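Quick notes on the structure that follows.
Note that these values count all heavy atoms, side chains included, but never hydrogens, waters or copies made by symmetry. Quick caveat: nothing in here was measured; it's all calculated off a predicted structure. In what follows, chains are A, B, ... by sequence order, proteins preceding strands, each numbered from 1.
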Amino acid sequence: MAQPKFQSLKGMHDLLPPDSEEWLELVDRFRQHFGRAGYGYIQTPILEDLDVFARVGEGTDVVTKEMYDFVDKDGSTIALRPESTAGVARSFIQHRPLVPWKVWYSSQHFRHENTQAGRYRQHHQLGAECFGSDHSDIDIELIVGLWDFYRSLGLDRLTLHVNSLGDRETRVRYQELLRTYLSSHIEDLHPSDREKVQRNPLRVLDTKLSESQPVVARAPRLVDHLSETDLDRFEQVKSGIDRAGIPVEVNPRLVRGLDYYTHTVFEIMSDALETAQSTIGGGGRYDGLVEALGGPPTPGVGFGSGIERILLALRAEKVEPLARFALDAFIVTFGGGCPDPSALVLGLRRHGIGVDRALNQHNPRKQTERSRRVHPRFVIRLGKYDDRPDVVEVADQRDDSTWDVDLGPIASEQAANLADVLKRRR
RNA sequence: GUGGGUGUAGCUCAGUUGGUUAGAGCGCCAGUUUGUGGUACUGGAAGUCGGGGGUUCGAAUCCCCUCACUCACCCCA
């Protein structure tokens, strides 16, 4: 194909039917799933003050390299959100809702990075957050909730990884210890891991570079430095997940991309994805986040899950598409003496019947072929009887039965009459 | 930011050592059919061969540049 003059920007994609129908269905199911657990829908602006994001991820690529930030007309520095949690936390501080505050979102995020399978510059996440409770049951509720959501979609091949980073003091203390250790073995690390030692030493733990593995394997382990209370908390979360019947794998090298996490962190991977990005959802606890943004000390926990990656995983597991575009009825017209279908179509819609017709074909055979695309419940044949223009034949696609309906002689009542017949049958 | 792969019709792709007017399947349009159910047959429309430059009598094919897409690294959902 010759490239058109304009196409969507790199890593940003159009969403068209029928894929868009499946997308809406996915979001709707998420809404119902977390709605049942008491989570309300939240929307925050796509643009925020740059510092909202910068405060919470100083050492991370997400905010240092990949942010779409720019100077606004009034000179202020703003950014397209690279993730949602920071904006939701800002909103929490601004409105001070009753706690525990449980919200879910479906939002687009922007990261200026090179694209690959399951990785886009504009990507979409479903997520849920809870602010104002440090109860470990919330951690459990979110993790189990997300797992069950995936299962309800038909995903089967899932792996749950969890880890604990301890509280902030633990984390800071361990981070220093790790930095000291790694600095003394800096020569044995892969060059591209060396710079991370100062900036974000936890990140070295999950390196994929084999050259660094021996050093990392002998590094001090975070789990050995957790306090009694940290360990208790971690045990509660693990046993809660276990009681829900979900296989859980402790991964001591699991750290996360954003550095506001404390205590629980987790990821759910799709084992069906052969691509480099198999994590479809992840999150954890961020007890210091609200405070870092200038709010009162408030615990929080949440997750984000990539919609595009969920859909990739569904395809990889060969799950049938979640939704199909379907109409109640499709109108086929016969011959030159056929009444004009326009009024009937518009009238049926006013009476709550989803209906369409073929506009580019006049051969009934072609129209019938067209109707198969949209999987209507009923096919309505208009103008079939030359001597009785007010009679239509209705074909129920479910059981292949057909019958005639006399619409009556008064044009203004015909749509209502037919709508009644279809609704009774439906 | 770094590296690999791929660009030919709406889609998926053929296209020989460079050689007439660039092909197929699917899809689309129409007909066989004043007619109606996933079939069959017939015909039709549709391509600046991603773009630019070069070599050549001659380029989809060879060379250079460029753009786009894609996969991977980094990183992340």
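Atom CZ of R388(A) has more than 12 neighbouring heavy atoms from other residues, nucleotides or ligands inside a 6.0 Å radius. More than 12 heavy atoms of other residues, nucleotides or ligands shown are found within 6.0 angstrom of CZ on R349(A). Under a cut-off of 6.0 angstrom, the local environment of CD in Q43(A) is sparse, with at most 12 non-hydrogen atoms contributed by other residues, nucleotides or ligands.
Comparing A22(B) with G4(B), their P atoms sit 35 Å apart, to the nearest whole Å. Atom name P, nucleotides G37(B) and A45(B): the rounded distance is 28 Å, in whole Å. The separation of G43(B) from A60(B), taken at their P atoms, amounts to 29 Å, rounded to a whole angstrom. On the C1' atoms, C29(B) is 27 Å away from G15(B), given to the nearest whole Å. Taking the C1' atoms as reference points, U12(B) lies 12 Å from U8(B), given to the whole Å. Taking atom P in both G19(B) and A30(B), the straight-line distance is 39 Å, to the nearest Å. Separation of the C1' atoms belonging to G54(B) and C73(B) is 35 Å when rounded to the nearest angstrom. Atom P of U20(B) sits at a distance of 15 Å from the matching atom of G58(B), rounded to the whole Å.
Counting atom types as modelled, R381(A) pairs no side-chain N or O with a base atom of G35(B) as donor and acceptor under 3.5 Å.
Heavy-atom minimum distance, R173(A) versus H225(A): NH1-O, 4.4 Å.
Taking the side chain of A276(A) as heavy atoms from C-beta on, and the options C75(B), G35(B), C73(B), the nearest nucleotide is C73(B). Of the listed nucleotides (U36(B), A30(B), A72(B)), A72(B) has the atom at the smallest distance from the side chain of A117(A). Comparing atom distances between the T402(A) side chain and each of C29(B), G37(B), C76(B) picks out G37(B) as nearest. If you check U32(B), C76(B), A68(B) against the side chain of R365(A), the one that comes closest is U32(B). Nearest nucleotide to the R111(A) side chain, out of C71(B), G35(B), C76(B): C76(B). When distances are taken from the side chain of F334(A) to each of G35(B), G37(B), A77(B), the shortest belongs to G35(B).
For the pair Q7(A) CD and C69(B) P, the computed distance is 6 Å after rounding to whole Å. Following rounding to the nearest Å, N363(A) (CG) and G35(B) (P) show an atom-to-atom distance of 11 Å. E369(A) places its CD atom 12 Å from the C1' atom of C29(B), with the value rounded to the nearest Å.
When heavy atoms are screened at a 4.0 angstrom cut-off, F303(A) is found touching no nucleic acid atom at all. Contact annotation for E66(A): backbone-only contact, meaning every heavy-atom pair under 4.0 Å involves sugar-phosphate atoms and none involves a base. Among the protein residues, S305(A) comes within range of no part of the nucleic acid, since none of its heavy atoms lies under 4.0 Å from any strand. Among the heavy atoms of the strands lying under 4.0 Å from G118(A) is at least one base atom, whether or not backbone atoms are also near. Among the atoms of the strands shown, base atoms are found under 4.0 Å from some heavy atom of D400(A). Residue-level contact check: R121(A) touches neither bases nor backbone, having no heavy atom under 4.0 Å from any strand. Counting non-hydrogen atoms under 4.0 angstrom, Q397(A) reaches a base of the nucleic acid. Counting non-hydrogen atoms under 4.0 angstrom, T275(A) reaches the backbone sugars and phosphates but no base.
Stacking annotation: H123(A) is stacked on the base of A77(B) (ring centroids less than 5.5 angstrom apart, interplanar angle below 30 degrees).
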Fill in the blank from the handout: Symbol by symbol from the 5' end, with Watson-Crick or G-U pairs under 3.5 Å, [ ] crossing and | another strand, RNA chain B is (((((((..((((.....[...)))).(((((.......))))).....(((((..]....))))))))))))....
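Distances shorter than 4.0 Å separate none of the side-chain N or O atoms of K384(A) from OP1 or OP2 on U36(B).
Between the side chains of S136(A) and D139(A), no donor N or O sits under 3.5 Å from an acceptor N or O. In this model, no donor atom of one side chain and acceptor atom of the other lie less than 3.5 Å apart for Y181(A) and E176(A). Looking only at atom types and distance, the side chain of N363(A) has no donor-acceptor partner in the side chain of Q367(A) under 3.5 Å away.
Aromatic ring centroids of Y105(A) and Y41(A) lie 6.0 Å or more apart. Aromatic ring centres of W104(A) and H33(A): separated by at least 6.0 Å.
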